Trainee: 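Take a look at this one; I'll ask things after.
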Amino acid sequence: MSVRATIEQTMTEVAAEHGKPLAHLRDEARLSDLGLDSLCLAVIVARLEDGFGVDPFGADNEAPFPVTFGDFVRQYENAI
């Protein structure tokens with residue numbers, strides 16, 4: 001499964017588990033407009049770290065937290 005597909009699946013699962021309606025995952029969509037709260041995003045990042053073995057937002061990484069879904073995907077693609 002591709003990085004993008006894994007992220008989409010993880011976001012969909014977490015949104016469902018938390019009862020959040022998830023907006024369409026398009027590159028230009030702002031993370032703040034996807035319908036996920038900060039707890040959902042934290043769960044997503046933790047699950048992706050478990051799955052990919054990397055955390056592109058960790059303390060040793062100077063990259064800012066992404067603004068859009070496309071930015072989020074690219075940060076994982078670049079980290080892997």
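Computation of the quantities below employed the complete heavy-atom set of this structure, encompassing side-chain atoms and omitting hydrogens, waters and symmetry-equivalent molecules. Treat the numbers as computed from the prediction; the structure is a model and nothing was measured.
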Trainee: Establish whether Ile80 and Phe72 are linked, either directly or via other cluster members, by ILVMFWY side-chain heavy-atom contacts under 4.5 Å.
Mentor: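 Yes.
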Trainee: Could you work out, with side-chain hydrogen bond (donor to acceptor under 3.5 Å, both in side chains) as the rule, every residue matching Gln9, not counting sequence neighbours?
Mentor: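 Only Glu13 meet the side-chain hydrogen bond (donor to acceptor under 3.5 Å, both in side chains) criterion with Gln9.
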Trainee: Measure across Val67 and Arg30 and return the closest heavy-atom pair with its distance rounded to 0.1 Å.
Mentor: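 Of all heavy-atom pairs spanning Val67 and Arg30, the closest is CG1-NH1, 3.3 Å.
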Trainee: Please name the pair of heavy atoms, one in His24 and one in Ala29, separated by the smallest distance, quoted to 0.1 Å.
Mentor: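 Closest pair (atom of His24, atom of Ala29, distance): O-CB, 4.1 Å.
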Trainee: How many angstroms lie between atom CZ of Phe69 and atom CG of Leu25, to the nearest 0.5 angstrom?
Mentor: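 Answer rounded to 0.5 Å: 4.5 Å.
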Trainee: Which atoms form the tightest heavy-atom contact between Cys40 and Val14, and what is the distance?
Mentor: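 Looking at all heavy atoms of both residues, the closest pair is O-CG1, 3.7 Å.
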Trainee: CZ of Arg74 to OG1 of Thr68: how many Å apart, nearest 0.5 Å?
Mentor: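 Reported to 0.5 Å precision, the distance equals 5.5 Å.
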Trainee: Distance check, rounded to the nearest 0.5 Å: Gln75 atom CD versus Asp55 atom CG?
Mentor: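 Here the interatomic distance stands at 10.0 Å.
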Trainee: Test Ile7 against every option in Ile44, Thr12, Val73 by the side-chain contact (heavy atoms from CB on, under 4.5 Å) rule and name the one that passes.
Mentor: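 The residue from Ile44, Thr12, Val73 that satisfies side-chain contact (heavy atoms from CB on, under 4.5 Å) with Ile7 turns out to be Val73.
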Trainee: What's the spacing between Leu41 CG and Leu48 CG if we round to 0.5 Å?
Mentor: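 CG of Leu48 is found 10.5 Å from CG of Leu41.
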Trainee: Between CE of Met11 and CG of Leu36, what distance do you get to the nearest 0.5 Å?
Mentor: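 One finds 6.0 Å between CE of Met11 and CG of Leu36.
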Trainee: For the residue pair Phe65 and Phe57, does the interplanar ring angle fall in the parallel (under 30°), tilted (30 to 60°) or perpendicular (over 60°) class?
Mentor: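 The arrangement is tilted - the two ring planes meet at 30° to 60°.
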Trainee: Any idea which heavy atoms bring Pro56 and Tyr76 closest together, and the distance?
Mentor: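 Scanning both residues completely, I find the closest heavy atoms to be CD-CE2, 3.4 Å.
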Trainee: Does this structure show an ion pair linking Arg26 with Asp33, if we count only N-O contacts that are shorter than 4.0 Å?
Mentor: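 No salt bridge links Arg26 with Asp33.
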Trainee: Under 3.5 Å, is there a donor-acceptor pair between the side chain of Asp50 and the main chain of Arg47?
Mentor: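 Looks like no, no N/O pair under 3.5 Å.
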Trainee: Which distance, rounded to the nearest 0.5 Å, do you find between the CG of Asp71 and the CG of Asp27?
Mentor: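 Asp71 CG to Asp27 CG: 8.5 Å, rounded to 0.5 Å.
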